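Worksheet for the structure shown next.
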Protein chains: 2
Amino acid sequence: MTTINDVAKKAKVSTATVSRVLNNSDKVRPATRDRVSTIIKELNFVPNVNALGLQRKKTKTVGLIFPDASAHYFSEIMQGINRHLFKNDHQILISSAHDEEEEIKTINGFVNSGRIDGLIIMMPSARDYKGLIDQLKNEIPVVFIACEIDAPYSTTILLDNYNSAKEMVHHLSQLGRKRIAFIHGGEHNYDARERHRGYIDARSEYQLDESEELEVMGNFTEASGFQATLALMKRNPAPTAIFAANDAMAIGAIEAARVLKLSVPADLAIVGFDDISLAAYLDPALTTVHVPLRRLGHLAGESLLKNMNLDPAERTTEKIIIPLKPVIRRSCGSEQESA
Amino acid sequence: MTTINDVAKKAKVSTATVSRVLNNSDKVRPATRDRVSTIIKELNFVPNVNALGLQRKKTKTVGLIFPDASAHYFSEIMQGINRHLFKNDHQILISSAHDEEEEIKTINGFVNSGRIDGLIIMMPSARDYKGLIDQLKNEIPVVFIACEIDAPYSTTILLDNYNSAKEMVHHLSQLGRKRIAFIHGGEHNYDARERHRGYIDARSEYQLDESEELEVMGNFTEASGFQATLALMKRNPAPTAIFAANDAMAIGAIEAARVLKLSVPADLAIVGFDDISLAAYLDPALTTVHVPLRRLGHLAGESLLKNMNLDPAERTTEKIIIPLKPVIRRSCGSEQESA
DNA sequence: TATTTTAATGTAAACGTTTACATAACTTAG
DNA sequence: CTAAGTTATGTAAACGTTTACATTAAAATA
């Protein structure tokens, strides 16, 4: 590996001068600058990041902590983050942890080792983060994605799950469905809980059937949506619509309806949440809520970078809520069809 | 940020002793060790990675270069890699690049900046990597995933696309389909090309219709599968089966069949490739080829780590080909049904 | 041309670790 | 109790940068 010393020697200047050329700071005589630049290219010299990090206390790297489930969700968001950071010459260090304890350890390591300048935490299952937040406070800027955390001096980006869920239930009720079941995504998932909350509130607001047996727990997989639907259709009276907390479960629900020889949407309306790319290609095309994952990622990257360039004292506590749009297709039994 | 100096001072020892405790190397008197350890915990001291990297010339970090498309594919593989590396206390630095030039620059930066100890390159579209390989040679160990590269002293992990595609075509022909169309995934994608090659060879081997108009180009999206199918069904005579190079396009094909009022599989058999999680929940359930993405990632991580622990001189050129298994469901018109 | 001012370059310390080598503190043996 | 042998600890250089400060070279002025 070639170092700044090799360059300096070959160019017959001091390392200071090479450094100045590299950072095109100060005044360097054009002739010298050219000579040094040529040699840098000649030797394919790239400054050692460890030395840089040590000296500057900045690494141009941001950490990204994510859950080891929900692959689809995750990778889209990450692409959004990455694209923005890449443009701004920053790298991403990723880590996924199983449980909360492991996670806190990881974060601690990231932050205190001088490895990163900023952190994005995507942990829908996060609950008790007291210790963590104290850690972070004033160390480096943090962006939380879909976490229920009141951390001062950080950014939190949330989806407007609650209102969209309400809206979806409202839409179903307008279509005459009064007995709407809900397949939950998991108690420990923030998005799932919010969607559920929207469902519950909408039921009472729009005077729908509020019986408890219309709610069943799933885990965001097709299989769980399938099982949940089989269970739900044994209720008496059976639901006339099913709202699954994500598209995967809705797909399982559609398959279950097929097995039960129920026509969707005639006998049973089914709607999902997420708007995965193939939702439009299902039979029937799935009514769902569109979630702009790439944009979410982009916002996260942008907000983080902005805060990284700010004095700790200037940082603010920010909460960004991304509004979501229902996408009406056939599976809800609606006449209209949107793009 | 607390440093080894703070610890040393507080424990009234030299930094050397603290270092020895940290690396539990050498002999340190138990009493001293305890005292130092206590203070390390007390101060929540984490060694600075930049200083470590500078000194040790190892960063416990591996780079991961991936394409900015194929989110699903990518994130599963990454999870596989991550899980293995996390266990072995290594971090992952990711980067995705748009074009080849940008990519080579990224790799160059990664490698020559002392940022990483190993590199995993996932670039199905990679073609001409001469310059790159020369770069890498003997610098750090590399694993290529789904790249058509003959790089000495590195590991290449490939899917057995070719044989599985052949097998799938064979299966269709056994079911009496003689006019099998193919929806290509993209000329610049290694996996897509290999699947196509398998299709072509199978056609001639099993004496099927070899007309060129049975091949159409797609781009791995549902929409392209949809369009491709509409086009294919205008052929005269029309194909009796469609082999899509991935599941997303197969889903588009199924939707197209629906629009054309064709029954699948009765009028038209449709098969895909990948076995995404919802393939089993489609109507009809999709016959496809299962690709063990997590395992692929795991293998990549394992192989890389192994090579990182080897002397450059001891490294070998390795090529791992992962065999794939067809998953027979309803969409091909087969009687049998597999798990 | 000699002197002052300004611009370019060099020197060396600092960042936070590890580690070879030097030294100090114990043990053990005589 | 001293000398020799161990074992534990300390000192300081090294890793590859940046940068404050010192120095030298060039330009401007008298």
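Keep in mind that the numbers below use all heavy atoms, side chains included, and drop hydrogens, waters and symmetry copies. Labels below follow one simple rule: chain letters A, B, ... track the order of the sequence lines, proteins then strands, and each chain is numbered from 1. Computed from a prediction, not measured in an experiment: that's the story for all the values here.
To the nearest angstrom, C1' of D:dA8 lies 11 Å from NZ of B:Lys27. Distance, A:Arg29 CZ to D:dT24 P: 16 Å, rounded to whole Å.
Atom CE of A:Met308 is separated from atom CG of A:Leu119 by 10.5 Å, given to the nearest 0.5 angstrom.
Side-chain N or O atoms of A:Asp6 include one that pairs as donor or acceptor with a backbone N or O of A:Thr3 at under 3.5 Å. Of the possible polar contacts, one joining the B:Ser113 side chain to the B:Gly109 backbone as a donor-acceptor pair under 3.5 Å is found.
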Original post:
Can you list the steps and then say if B:Thr59 with B:Val49 is a side chain to side chain contact (heavy atoms under 4.5 Å, CB included)?
Top reply: CA-CA 7 Å; B:Thr59 59; B:Val49 289; over 6 Å; no
**OP:** Begin with the C-alpha distance, continue with both residues' side-chain angles, and end with the deciding distance and a verdict on side chain to side chain contact (heavy atoms under 4.5 Å, CB included) for B:Glu103 and B:Ile121.
**Re:** CA-CA 10 Å; B:Glu103 196 190 336; B:Ile121 299 179; 4.1 Å; yes
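Residues B:Thr156 and B:Ile149 fail the side-chain proximity criterion, which asks for heavy atoms closer than 4.5 Å. Inter-residue side-chain proximity for B:Arg115 and A:Thr61 is flagged as met; some heavy-atom pair is nearer than 4.5 Å. With contacts defined as side-chain heavy-atom distances shorter than 4.5 Å, the pair A:Ile140/A:Val62 does not qualify.
Within the helix from C:dT1-D:dA30 to C:dG30-D:dC1, the inter-axis angle between the opening and closing five-pair segments is 50°, rounded to 10°.
Closest non-hydrogen pair, A:Met78 versus B:Phe74, comes out as CE-CE2, 3.2 Å.
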What are the atom names and distances for every N/O pair under 3.5 Å that joins the protein to nucleotides 4-6 of chain C?
none

Check nucleotides 14-20 of chain D for protein N or O atoms closer than 3.5 Å to its own N or O atoms and list the pairs.
unit_1, atom_1, unit_2, atom_2, d
D:dA14, N3, B:Gln55, NE2, 3.3
D:dC15, O3', B:Lys57, NZ, 3.2
D:dG16, OP1, B:Lys57, NZ, 3.1
D:dT17, OP1, A:Asn48, N, 3.2
D:dT17, OP2, A:Ile4, N, 2.6
D:dT17, O2, A:Gln55, NE2, 3.1
D:dT18, OP1, A:Asn23, ND2, 3.3
D:dT18, OP1, A:Arg56, NH2, 3.1
D:dT18, OP2, A:Ser19, OG, 2.5

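The aromatic rings of A:His298 and A:His84 lie perpendicular to each other, with more than 60° between the two planes, well past the 30° mark.
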